[in-house]
Amino acid sequence: MKLEKLVGERFKERPSDCVIDSHALMLRGGYMKYVANGIYSSYLPLRRITRKIEQIIREEMDRIDGQEVQFPVVLPASLWQESGRYESVGSELMRFSDRNNTPLVLGMTHEEAAVQLVREYGQSYGKYPFMVYQIQTKFRDEARPRAGLIRVREFTMKDAYSFHTSQADLESYYVRCFQAYERIFSRVGVPEVVSVSSDSGMMGGNLSHEFMLLTPVGEDSIAICESCGYRSNLEAAESIVKNHRDEISRPLELVHTPNIHTIEDICGFLGTSKEKSCKAVVYQKNTDNRYVVLFIRGDLDVNETKLTNFLGCEIHPAVIDEDCGLHAGYIGPYGLQEDLTVLFDRSLQSANNLSCGSNREAYHYTGLDMQREFPSAVYNDFAKIQENGICPHCQKEDIHIFRGIEVGNIFQLGDKYTRSMQMTYLDRNGETHHPVMGCYGIGVGRLAASVCEAHHDDHGPIWPISIAPWQVHLCAVRADDPTVRSCADQLYEALQKHGMEVIFDDRNVSAGVMFSDADLLGVPVRIIVSPRNLKENCCEITTRDKSFCQKTPLSDAVAHVSLLVEKLLAQSRQNIEKNNNSPLL
């Protein structure tokens, strides 16, 4: 490929609206172009990268007996109505009608389509187990697309669906897929990806894992125990709190607290710690706008995913007006009106001598004793796990919170979809059962951007050899020099004959422009042919990560580059062997 024919511009300036480096570098390097909010077109370098990622995914899915299929992008709403998700999924699902007023959806995930594809085929136990997968364009109407390809609305995804006649068989296959994912991430160049327990969300099911690339720019939070290796998405991590009950429980006392509305204000006014306060957080259900009042210890934050899962519906922060009967800033559990959903976080269990709202304007209570005032209260875990919190696994106070980008996920779905969509099979005794399913996803574009985020410098991406757009970048400095031109052309032909992927820059531009563009393209191996090197009958061979630089006689250049490419490929293969020891949490 001649670089002068490569469609797409490369430029020096960082776009002002790019919040993370991978987004900025992929725009600057001519990998993609903005079309609309969360929608991008891809130029050739990105397409070559994603094709290689897709091929790695295909090889690993085929290795665990996957069969590639393709589902429609546009699906009838009736399929989603069968599963119940047409009504339960929010505005992320794009709903529309065709010219015949038939309700349709744009596929954002394809569980329903997978069941529809195989429910006639899978009517006998002898057909199981099996797995089908696709690599397909999807559309999810994200409310806040951000960070380039990290969070978009239109994206390419590999999604796989396995079908089993028993939970034990599903669990066995789940481990195989878990290990396949580790191989995929090692092969594409991010062996540092970790698996974490996660919340199944709208997918359903009882067990799920996310694969996270730990990075400060990630939008997900991960709780990791430094002592035992416990890892969980913050949304799914259990919050364990130790309450120290005071020996003497003071009486409940009404205190005048004018113009005090926040936990910080009331604790400052009373001279107490946040741990000795009871905080009210108010939501409304999306289904009927009814109020939900959650009481939690004042130093903790609400995990809204846990609350949503408990209620079984989506929620939003409450709008508190004069008619709702609540007094913003003064809401407390004692004396609260009865027509509300009232919940208690277990951080309050057995606590005493707490401050709380009194449900009267300008007054708070002190001396709240949860055992005395609410002897029959039921407590649940609604809190976010905290930095230096207690590990749910080893009980040590060694939890640390990291940021990460989710690059893949796997779910044990159970029979959520096969039951609702009436997929059944006959066992060997002629009895009818619903098969159980697993679901396994990887976002291809997001994975490419994540690799860029993990491997770059100030000048551009440093692509791993396994997914780099080309293996070798040949730079002819002063291509207007006949000797440079002749030597560079011969090298270009010889490298291609040896089966190497080469991008050839023979433009008549300055060395600075040429090397700047080479940095932005991030090709692992670079060959520089220049008048200075040719005086020594040499060329310069370097790597993009600057770990190798050597002058090589022209006659040996192709052999040296071939050995270097093979060495980089061998290192990539070694990463697979080194990093496939992660525990299945």
Enquirer: Indicate the atoms forming the closest heavy-atom contact of S355 with L270, along with that distance.
Expert: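 Closest approach of S355 to L270, heavy atoms only: CB-CD1, 3.6 Å.
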Enquirer: Any Lys/Arg nitrogen of E60 or R183 sitting under 4.0 Å from an Asp/Glu carboxylate oxygen of the other?
Expert: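 So E60 pairs with R183 through a salt bridge.
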Enquirer: Find out whether F139 and F155 are in side-chain contact, i.e. whether some heavy atom of one side chain is under 4.5 Å from a heavy atom of the other.
Expert: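 They are not in contact (no side-chain heavy atoms under 4.5 Å apart), so the answer is no.
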Enquirer: Search all heavy atoms of S232 against all heavy atoms of A237 and return the closest pair with its distance.
Expert: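 That would be OG-N, 3.3 Å.
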Enquirer: Would R95 pass as a cation-pi partner of Y86, given that its NZ or CZ must be under 6.0 Å from the six-membered ring centre and within 45 degrees of the axis?
Expert: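 Judged by the rule, R95 and Y86 form a cation-pi pair.
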Enquirer: Describe, in one word, how the ring planes of Y230 and H393 are oriented to each other, choosing from parallel (under 30°), tilted (30 to 60°) and perpendicular (over 60°).
Expert: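 Parallel: the ring planes of Y230 and H393 meet at under 30°.
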Enquirer: Check the side chains of D415 and Y417 for a donor-acceptor pair under 3.5 angstrom, ignoring hydrogens and angles.
Expert: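 On atom types as modelled, these side chains do not qualify, holding no pair under 3.5 Å.
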Enquirer: Is the side chain of D457 donor-acceptor paired with the backbone N or O of I462 at a distance under 3.5 Å, no angle test?
Expert: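 Not at all, since once roles are kept as given, no pair shorter than 3.5 Å links the two residues.
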Enquirer: Quick one: closest heavy-atom pair of G66 and Y133, and the distance?
Expert: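 So the two residues come closest at C-CE2, 3.8 Å.
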Enquirer: Go through the side-chain N and O atoms of T109 and E111 and say whether any donor and acceptor fall under 3.5 Å apart.
Expert: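 Present: a donor and an acceptor within the cut-off.
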Enquirer: Check this for me: does any side-chain nitrogen of one of E264 and K274 sit under 4.0 Å from a carboxylate oxygen of the other?
Expert: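 Salt bridge between E264 and K274, a charged N being under 4.0 Å from a carboxylate O: yes.
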Enquirer: When you look at CG of N388, are more than 12 heavy atoms from neighbouring residues, nucleotides or ligands closer to it than 6.0 Å?
Expert: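 More than 12 heavy atoms, drawn from other residues, nucleotides or ligands, come within 6.0 Å of this atom.
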Enquirer: Before you tell me yes or no, could you show the steps for E387 and H400 under side chain to side chain donor-acceptor pair (under 3.5 Å), namely the whole-Å CA-CA distance, both residues' side-chain angles and the distance that decides it to 0.1 Å?
Expert: CA-CA 5 Å; E387 180 75 17; H400 297 281; 2.7 Å; yes
Enquirer: Check whether the side chains of H110 and Q136 place a donor and an acceptor atom closer than 3.5 Å, and report yes or no.
Expert: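 No donor-acceptor contact under 3.5 Å links the two side chains.
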Enquirer: With no hydrogens and no angle check, do the side chains of D339 and Q337 hold a donor and an acceptor under 3.5 Å apart?
Expert: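 Indeed, the side chains of D339 and Q337 share at least one donor-acceptor pair under 3.5 Å.
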Enquirer: Please determine if R297 and D345 form a salt bridge, counting it only when a charged side-chain N lies under 4.0 Å from a carboxylate O.
Expert: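 Looking at D345 together with R297, the answer is no, because their closest N to O distance does not fall below 4.0 Å.
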Enquirer: Are any side-chain N or O atoms of R290 and backbone N or O atoms of K285, one a donor and one an acceptor, separated by less than 3.5 Å?
Expert: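 No; judged by distance alone, with no hydrogens or angles, the pair does not exist.
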Enquirer: Would you call D301-K384 a salt bridge at under 4.0 Å N-O?
Expert: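 The answer is no: the pair does not qualify as a salt bridge.
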Enquirer: Can you confirm whether the side chains of D21 and H23 place a donor and an acceptor under 3.5 Å from each other?
Expert: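 The criterion, which ignores hydrogens and geometry beyond distance, is not satisfied for H23 and D21.
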Enquirer: Has the side chain of Y173 got a donor or acceptor atom that lies under 3.5 Å from a matching backbone atom of I64?
Expert: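 Yes, because the side chain of Y173 sits within donor-acceptor range (under 3.5 Å) of the backbone of I64.
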Enquirer: Do L340 and V292 touch side chain to side chain, with heavy atoms closer than 4.5 Å?
Expert: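 They are not in side-chain contact.
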Enquirer: Indicate the ring-plane relationship of F185 and F211, choosing parallel, tilted or perpendicular according to the 30° and 60° boundaries.
Expert: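 Tilted: the ring planes of F185 and F211 meet at 30° to 60°.
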Enquirer: Is it true that S221 and R403 share a donor-acceptor pair across their side chains at a distance under 3.5 Å?
Expert: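 Yes, S221 and R403 have a side-chain donor paired with an acceptor closer than 3.5 Å.
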Enquirer: Rounded to the nearest 0.5 Å, how far apart are CG of D65 and SG of C177?
Expert: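 Atom-to-atom, D65:CG and C177:SG are 11.5 Å apart.
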Enquirer: Can you tell if the side chain of R419 reaches within under 4.5 Å of the side chain of K416, non-hydrogen atoms only?
Expert: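 No, too far: nothing below the 4.5 Å cut-off.
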Enquirer: Just by modelled atom types, is the C452 backbone N or O under 3.5 Å from a matching donor or acceptor in the H455 side chain?
Expert: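 No; zero donor-acceptor contacts below 3.5 Å.
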Enquirer: Hey, what's the ring geometry for F130 with Y128, parallel, tilted or perpendicular (30° and 60° as the breaks)?
Expert: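 Judged by the thresholds at 30° and 60°, the geometry between F130 and Y128 is tilted.
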Enquirer: If we only count heavy atoms from C-beta on, is the V293 to L343 side-chain gap below 4.5 Å?
Expert: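 V293 vs L343: side chains apart.
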Enquirer: Less than 4.0 angstrom from a charged side-chain N to a carboxylate O is my criterion; do R176 and E171 meet it?
Expert: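 Salt bridge: no.
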Enquirer: Before accepting this row, confirm whether a basic side-chain N of the pair R85/E112 lies closer than 4.0 Å to the acidic partner's carboxylate O.
Expert: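 Salt bridge: yes.
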Enquirer: Using the test side chain to side chain contact (heavy atoms under 4.5 Å, CB included), find all partners of Q284 that sit at least two apart in sequence or belong to another chain.
Expert: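 Expected list: N289, Y291, H316, A318, V319.
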Enquirer: Has the side chain of N233 got a donor or acceptor atom that lies under 3.5 Å from a matching backbone atom of V196?
Expert: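 No, the answer is negative, given that no donor and acceptor are paired below the 3.5 Å cut-off.
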Enquirer: Indicate yes or no: at least one non-hydrogen side-chain atom of L234 is less than 4.5 angstrom from one of I385.
Expert: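 Yes, their side chains come closer than 4.5 Å.
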Enquirer: Is the shortest heavy-atom distance from the side chain of L254 to the side chain of R360 under 4.5 Å?
Expert: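 Answer yes - side chains close enough.
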Enquirer: Do the side chain of K138 and the main chain of L106 share a donor and acceptor less than 3.5 angstrom apart?
Expert: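 Not at all, since once roles are kept as given, no pair shorter than 3.5 Å links the two residues.
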Enquirer: In sequence, state the C-alpha distance, the side-chain angles, and the governing distance for S195 and R231, and then conclude on side chain to side chain contact (heavy atoms under 4.5 Å, CB included).
Expert: CA-CA 7 Å; S195 61; R231 300 189 296 265; 3.2 Å; yes
Enquirer: Please find the pair of heavy atoms, one from A147 and one from I20, that lie closest to each other, and give the distance.
Expert: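 Looks like CB-CD1, 3.6 Å.
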Enquirer: Under 3.5 Å, is there a donor-acceptor pair linking the side chains of Q134 and D159?
Expert: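 A donor-acceptor contact under 3.5 Å links the two side chains.
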Enquirer: Report the C-alpha distance between R250 and D369 in whole Å, list the side-chain angles of each, state the deciding distance to 0.1 Å, and finish with yes or no for salt bridge (Lys or Arg N to Asp or Glu O under 4.0 Å).
Expert: CA-CA 8 Å; R250 297 194 299 271; D369 184 329; over 6 Å; no
Enquirer: What's the verdict on side chain to side chain contact (heavy atoms under 4.5 Å, CB included) for I240 and E238, showing C-alpha distance, side-chain angles and the deciding distance?
Expert: CA-CA 6 Å; I240 298 176; E238 181 185 8; 4.1 Å; yes
Enquirer: Evaluate the side chain to side chain contact (heavy atoms under 4.5 Å, CB included) criterion for residues K276 and D246: first the C-alpha distance (whole Å), next the side-chain angles of each, then the deciding distance (0.1 Å), finally the verdict.
Expert: CA-CA 10 Å; K276 281 297 182 180; D246 296 340; 3.2 Å; yes
Enquirer: Can we say R140 and E154 salt-bridge, meaning some charged N sits less than 4.0 Å from an Asp/Glu carboxylate O?
Expert: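 E154 and R140: not salt-bridged.
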Enquirer: Look at the aromatic rings of F178 and H209 and report parallel, tilted or perpendicular, splitting at 30° and 60°.
Expert: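 Perpendicular.
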Enquirer: Check the orientation of F344 and Y379. Use parallel for under 30°, tilted for 30 to 60°, and perpendicular for over 60°.
Expert: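 The arrangement is tilted - the two ring planes meet at 30° to 60°.
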Enquirer: Looking at side-chain heavy atoms only, is the closest gap between E54 and T156 below 4.5 Å?
Expert: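 Counting from C-beta outward, E54 and T156 do come under 4.5 Å.
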Enquirer: How about H364 and T257: does a side-chain donor come under 3.5 Å of a side-chain acceptor?
Expert: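 Yes - a donor-acceptor pair under 3.5 Å links their side chains.
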Enquirer: Which residue in the set E406, E92, E219 passes salt bridge (Lys or Arg N to Asp or Glu O under 4.0 Å) when paired with R151?
Expert: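 Between R151 and the candidates, salt bridge (Lys or Arg N to Asp or Glu O under 4.0 Å) is satisfied uniquely by E219.
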Enquirer: Which heavy atom of I150 sits nearest to which heavy atom of S450, and what is that distance?
Expert: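 Minimum heavy-atom separation between I150 and S450: CD1-OG, 3.9 Å.
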Enquirer: Should L79 and V105 be marked as a side chain to side chain contact (heavy atoms under 4.5 Å, CB included) after you check the CA-CA gap, both sets of side-chain angles, and the distance that decides it?
Expert: CA-CA 10 Å; L79 279 182; V105 301; over 6 Å; no
Enquirer: Find the distance between OG1 (T165) and CG (D427) and round it off to the nearest 0.5 Å.
Expert: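 Separation between the atoms: 9.0 Å.
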Enquirer: Is there a side-chain contact between I331 and V282 in this structure, where contact means two heavy atoms from C-beta onward sitting under 4.5 Å apart?
Expert: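 A side-chain contact under 4.5 Å exists here.
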Enquirer: Would you check if the distance from the ring center of Y440 to the ring center of Y181 is below 6.0 Å?
Expert: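 For Y440 and Y181, the ring centres are not under 6.0 Å apart.
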Enquirer: Say whether Q167 and Q412, considering side chains only, have a donor N or O and an acceptor N or O under 3.5 Å apart.
Expert: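 Per modelled atom types, Q167 and Q412 side chains form a pair under 3.5 Å.
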Enquirer: Less than 3.5 Å apart, any donor N or O on the side chain of E210 or N409 sitting next to an acceptor on the other?
Expert: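 Not at all, the side chains of E210 and N409 share no donor-acceptor pair under 3.5 Å.
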Enquirer: Can you list the steps and then say if D169 with S172 is a side chain to side chain donor-acceptor pair (under 3.5 Å)?
Expert: CA-CA 5 Å; D169 190 55; S172 176; 5.3 Å; no
Enquirer: Might you point out which heavy atoms bring D299 and Q386 nearest each other, and give the distance in Å?
Expert: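 Where D299 meets Q386 most closely, the heavy atoms are O-NE2, 3.0 Å.
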Enquirer: Determine whether a donor-acceptor pair (N or O, by modelled atom type, separation under 3.5 Å) exists between the side chain of K306 and the backbone of D381.
Expert: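 Judged by distance alone, no pair lies under 3.5 Å.
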Enquirer: If we count only N and O atoms by modelled type, under 3.5 Å, do the side chains of S166 and H164 hold a donor and an acceptor together?
Expert: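 Their side chains do not contain a donor-acceptor pair, so the 3.5 Å distance test is not met.
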